[in-house]
There are 2 protein chains.
Amino acid sequence: MKKLKAKFKLWLSTRDIEGVFGDGKWRLLKAIESTGSLTQASESLRISYRKAWGDLKKAQEALNESLVEKHRGGTRGGQSALTKQGKKWLKAYTGFHSDIEKAVEKAYEKHIRKIAE
Amino acid sequence: MKKLKAKFKLWLSTRDIEGVFGDGKWRLLKAIESTGSLTQASESLRISYRKAWGDLKKAQEALNESLVEKHRGGTRGGQSALTKQGKKWLKAYTGFHSDIEKAVEKAYEKHIRKIAE
DNA sequence: TATGGATATGCACAACTCGACATATCGATA
DNA sequence: TATCGATATGTCGAGTTGTGCATATCCATA
């Protein structure tokens, strides 16, 4: 038996929309915050700008909140920054994700490790 | 803001094979145990027999263990039952999954609920 | 020994996702 | 006011995944 590793994926859904926010969108917000633009954020995550832009749009529509303030124009072309709500979501989801990460590690040790190695 | 629900997905991977065991295969084992056949199990899960059979094969190959004992023939056509290892995995993963389910619920309450409603 | 329902497996097709392109637009600053 | 880099958005093609269908095989029991 090869060594196993537990992985997980988290997301939030409403009754009719699956995945209004989740790991991917969370990483996107983080990257936007640290890079200051959607373009650079998508590059740092190695996803297409097209997808990053679409994901962000979906999240904002589904949550009905503006997460990122985007500006076009200027010599620098434009930039993006998190709104107050964007920061709020980033912070909350970071805690959420981190708690589950720890829980997965612990549960793996408790239930799986002994039968997997 | 619509009411949100936290969802998650768990799985186990080796260094080179992603998803050697996970939620889907776990549900499959459960269904095989309760129905006694792969055909009925796939029907109860509403997935094609083709997929159920393939998933099971993949899991067994990746774990290098036999999880289900399958028999062909007879008036009843055949049947499937979990092996000792299959039961072991079912039990272990059930505990694993259940712990994470609780953790997700708790972490949602702690981090997300207050900003989502 | 004929039967019937289950296992076993290949293959073509549909659905979905994502990436790659192609454009259009914007507007602060040099 | 010309520029330049970023946002905004549609579209087509490739890869992935699961379904549907077809077929072959198996064998305990009636």
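Just so we're on the same page: letters track the sequence lines, and every chain starts at 1. Model, not experiment: these values are computed from the prediction.
Between the CH2 atom of B:Trp11 and the OG atom of B:Ser13 there is a distance of 7.0 Å, given to the nearest 0.5 Å. Separating the CG atom in B:Leu45 from the CD atom in B:Gln40 is a distance of 11.5 Å, to the nearest 0.5 Å. The distance from atom CG of A:Leu67 to atom CG of A:Leu90, rounded to the nearest 0.5 Å, is 10.0 Å. To the nearest 0.5 Å, atom NZ of residue A:Lys106 and atom CD of residue A:Glu101 are 13.5 Å apart. For the atom pair OG of B:Ser42 and CG of B:Leu56, the computed distance is 11.0 Å after rounding to the nearest 0.5 Å. Between A:Leu63 atom CG and A:Thr14 atom OG1 the span is 9.0 Å, to the nearest 0.5 Å.
The aromatic rings of B:His97 and B:Phe8 lie tilted to each other, with the angle between the two planes from 30° to 60°.
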Could you go through nucleotides 19-23 of chain C and list every protein N or O atom that sits under 3.5 Å from one of its N or O atoms, giving the distance for each pair?
unit_1	atom_1	unit_2	atom_2	d
C:dG19	OP2	A:Ser48	OG	3.1

Without placing hydrogens or testing angles, list every side-chain donor-acceptor pair under 3.5 Å for residues 25-33 of chain A, not counting sequence neighbours.
unit_1	atom_1	unit_2	atom_2	d
A:Lys25	NZ	A:Gly19	O	3.1
A:Trp26	NE1	A:Thr94	OG1	2.9

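Taking a heavy-atom distance under 4.0 Å as the criterion, the stretch of DNA chain D touched by chain A extends 5' to 3' from D:dC4 to D:dT11.
For A:Lys5, there are no salt bridge (Lys or Arg N to Asp or Glu O under 4.0 Å) partners two or more places apart in sequence or in a different chain. Qualifying side chain to side chain donor-acceptor pair (under 3.5 Å) partners for B:Glu69, counting only residues two or more places apart in sequence or in other chains: B:His71.
Across all strands shown, A:Thr39 has heavy atoms under 4.0 Å from base atoms, whether or not it also approaches the sugar-phosphate.
Taken residue by residue, residues 68-86 of chain B places heavy atoms nearer than 4.0 Å to DNA chain D at B:Arg72, B:Gly73, B:Gly74, B:Thr75.
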